[in-house]
Amino acid sequence: MANNSNDLAHQEARLAYKLLAPAAIILLLVALYPLGQVFYTSMTDRVFASGQEPNFVGFDNYRQLLSMRIVELPPQVDDDGNIIRDDDGNIVYERPIQVLPREPRRFRDVWQINLFGTRYLIAASNPAFISAITNTLIFTIISVFLETILGLMIALVVNSNFKGRGAMRAIMLVPWAVITVVSARMWEWMLASSRVGIFNTLLRRFDLIDESIAFLQTSTWQLPSMIAVDVWKTTPFMALLILAGLQLIPNELYEASRVDGASKIRQFFSITLPLIKPSLAVALIFRTLDALRVFDIFQVLLAQSRYSMASYNYFQLINNRAMGMSSAIGVVIFIIIFVFALMYIKALGVDAE
Amino acid sequence: MFFTVSVAAEDVTITVAGGAVGQELEMTERAAEMYMEENPGVIIEVLDTPDLAQDRLGLYLQFFEAESSEVDVYQIDVIWPGDLAEHFVDLYDYGAEDIVDMHFQEIVDNNTVDGELIAIPWFTDAGLLYYRTDLLEKYDLDVPETWTELEETAQIIQDGEREEGNEDFVGFVWQGDAYEGLTTNALEWFASSNAGTIISDDGYITVNNERAVEVLEMAAGWVGTISPTGVTGMAEEDARAIFQGGNAAFMRNWPYAYALGQDPEESAIAGNFDVTTLPAAEDGEPAHTLGGWNLAVSQYSENPEIAADVAMYLAGFESQKMRAIEATMNPTIEELYEDEEVLEAVPFFGELYDVFVNAVARPSTVSAPNYNQVSEYYFQAVHSVLTGQDDALTALEFLELDLQDLTGFEIGEPQN
């Protein structure tokens, strides 16, 4: 009897494996094979669109991309050993290029920080990629935060009962429906550095500025502009996902709480927010992973004047034809996104739902 | 028998990947129509490609990586033949001997890799200074010959025009975005100020020198004064839009902008501007970066013979003459510079002939196959100075290290 049920269990298990096999094979082919291929290419110096035989270089590409050093920047001293100060009494430091290591590769300062009266240089062998990572992270955190807040507000509004609600919901989706490259071109025009651009025209009309602002050319304005475009574009998507969550909340809960005398604010924090958490979590994960891969608006609006991780990858592959290097960048982006996904799953308890 | 007939009856489609800057696309389409009239059975499709050279290269590389037969004829930049030779056929195998002699020898040499003619010259380019004749007259000023004179003249006109109510008026527009175009602009500042040409012809890195620091500081000083702050995001067409709209006194651009600027339907300044040599430093000679495009036939084409014939027709006498007259695109055929119809339509082809034959080449041959990376390091360094992120000395010192690591060349002094 025991034997029999064991056999049955075995049979069932075998059947399960057989049934799973096609899916597993397809998954291997479409996901793991390309990923493995990229990982392998990242260990070579392969040139894009060339018949040249690639050489195996191990982790060289990764070292080139990610090597960082923290170096103390000594102040300049005169012949007597006194620290030189400028007219305002500030310490004059050595020039970074004189203290940064040259071997095994050249390092360049990305940031300078003051800590306990000493100045340190944070230097990278590939400052462009390190800046691309920080650009992308800043872009992701701020844009996803704003999109969530605004998306939640919009979702609450269009979820309430009013005339023309259906039309409102459809109109709300327009920015999201426009192809990104097209909307990026529209924004490029609106953000133009002269009075061709609507923003400069308005700001000057109301005398808020004397000189036109070059939104896409000045480094302080580049990231805020990118974030603005992305918030405009993807808030509707966020709102849509949250709206789906809102509609699942049964009306009786609000009625019951009203009877108990709960205020609107109390209702929001005790009923609405906990109940939309699952859909909010899904929306956040979608948007964050999407934002980390941001490519189109950076490529169209900033091209090579400021990179996101993905646009840096593109230019390494296409312009410099460094296929090995760009594969390594792809792997790094993959790992960063993977880490974010894990953090979300842990923090929001998505797997427990 | 039946089979051959049916194949012959079938039209052959040849796809030409060409540029669309200014009137380029229209010109190519018209030459293609001329060819199709003479050769029934061949259909030429013109594929319109991105304006920025590196975006166009990116598109081409994707076709090459896939060994795609989708495009038969490619329009390629003068800086690419060395890099891309493996993807193109040798045009000598398709009868190019007969026509090659009429083209400028320098460009033919540039397009010859290991004895193979990779591409047929189509049009040549050199950076020029466009200036407003009416405004120079209005303020009683001369055409500037040095960079300092340009700064002063541009400033006077800009102040005057803004005072009169045109708040958007600027003195000088050029190509300052972080792309290949900035390399061509900055190379002109460098070469005309005895600061070298990045990497010398004999393979020394000459980019970090005192004159280069001065030159970069000078150019960075233009941004936000005689040039708008937005200039660090401008390419050819952005500069042309401003100049043609009557909102700039001077512009650095290629010859194609001339015909468009003289067209009263397109331009607010038709008849009120002219072109001349670019300014130089007090002790330097004007320098004009050599540009230009060529036609190459894909190795992966299904009909290389017809494709080669199309390429040679498009780059032939008739087509180049039409492009010269209607779109001021410089011919690569020497004879056309003495052609009366051409000279009547575009007088400066004759006056500035020396500029076109003596243009300064980018260091693409000496640094092949790394030229694109060299250029990227260079324009990023220049761009970081223009936008104020780095000081000129630091940018050049790091640029020198990067070029050393990339090419393995020694450091040298610029040759004057």
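Quick note on labels: first sequence line is chain A, next is B, and so on, each numbered from 1.
- Stacking of B:Arg56 on the aromatic ring of B:Trp293 is recorded, both the 6.0 Å distance cut-off and the 45° axial limit being met.
- Applying a 4.5 Å heavy-atom cutoff, the residues of residues 47-55 of chain B that approach chain A are B:Gln54, B:Asp55.
- A salt bridge does not link B:Glu400 to A:Arg102: none of the charged side-chain nitrogens sits closer than 4.0 Å to a carboxylate oxygen.
- Residue B:Asp238: no heavy atom, backbone or side chain, is found under 4.5 Å from chain A.
- Side-chain atoms of B:Asn185 and B:Gln175 form a donor-acceptor pair, as typed in the model, at a separation below 3.5 Å.
- For B:Thr394, the parts lying near chain A are the backbone and the side chain together; criterion is any non-hydrogen pair under 4.5 Å.
- When heavy atoms are compared at a cutoff of 4.5 Å, B:Glu86 approaches chain A solely by way of its side chain, counted from C-beta outward.
- For a residue to count as touching a neighbouring chain, one of its non-hydrogen atoms must lie under 4.5 Å from one of that chain's; by this rule A:Ser50 touches chain B with backbone and side chain alike.
- Aromatic pair B:Tyr74/B:Phe64: centroids less than 6.0 angstrom apart.
- Across B:Leu61, B:Thr232, B:Asp177, B:Asn372, the residue that shares the most heavy-atom pairs under 4.5 angstrom with chain A is B:Leu61.
- With a threshold of 4.5 angstrom between heavy atoms, A:Ile213 does not approach chain B through any atom at all.
- Looking at B:Glu376, only its side chain comes within 4.5 Å of chain A, counting heavy atoms on both sides.
- When the shell of 6.0 Å around CG of A:Asp86 is examined, it contains more than 12 heavy atoms from other residues, nucleotides or ligands.
- Both the backbone and the side chain of B:Gln62 come within less than 4.5 Å of a heavy atom of chain A.
- For a residue to count as touching a neighbouring chain, one of its non-hydrogen atoms must lie under 4.5 Å from one of that chain's; by this rule B:Tyr371 does not touch chain A.
- If you measure heavy-atom distances from A:Arg105 to chain B, you find no contacts under 4.5 Å at all.
- Residue B:Gln389 touches chain A through its side chain alone, counting heavy-atom pairs closer than 4.5 Å.
- Partner of A:Leu121 under the side-chain contact (heavy atoms from CB on, under 4.5 Å) criterion, out of A:Leu100, A:Ile113, A:Val110: A:Leu100 alone.
- Heavy atoms of B:Thr229 lying under 4.5 Å from chain A belong to its backbone as well as its side chain.
- Proximity to chain A involves both the backbone and the side chain of B:Leu393, based on heavy atoms less than 4.5 angstrom apart.
- Exactly one residue among A:Gln64, A:Arg108, A:Arg63 makes a side chain to side chain donor-acceptor pair (under 3.5 Å) with A:Asn126. That residue is A:Gln64.
- Proximity to chain B (any heavy atom under 4.5 Å) is shown, for A:Ser305, by both the backbone and the side chain.
- Heavy-atom distances place no part of A:Leu216 under 4.5 Å from chain B, backbone and side chain included.
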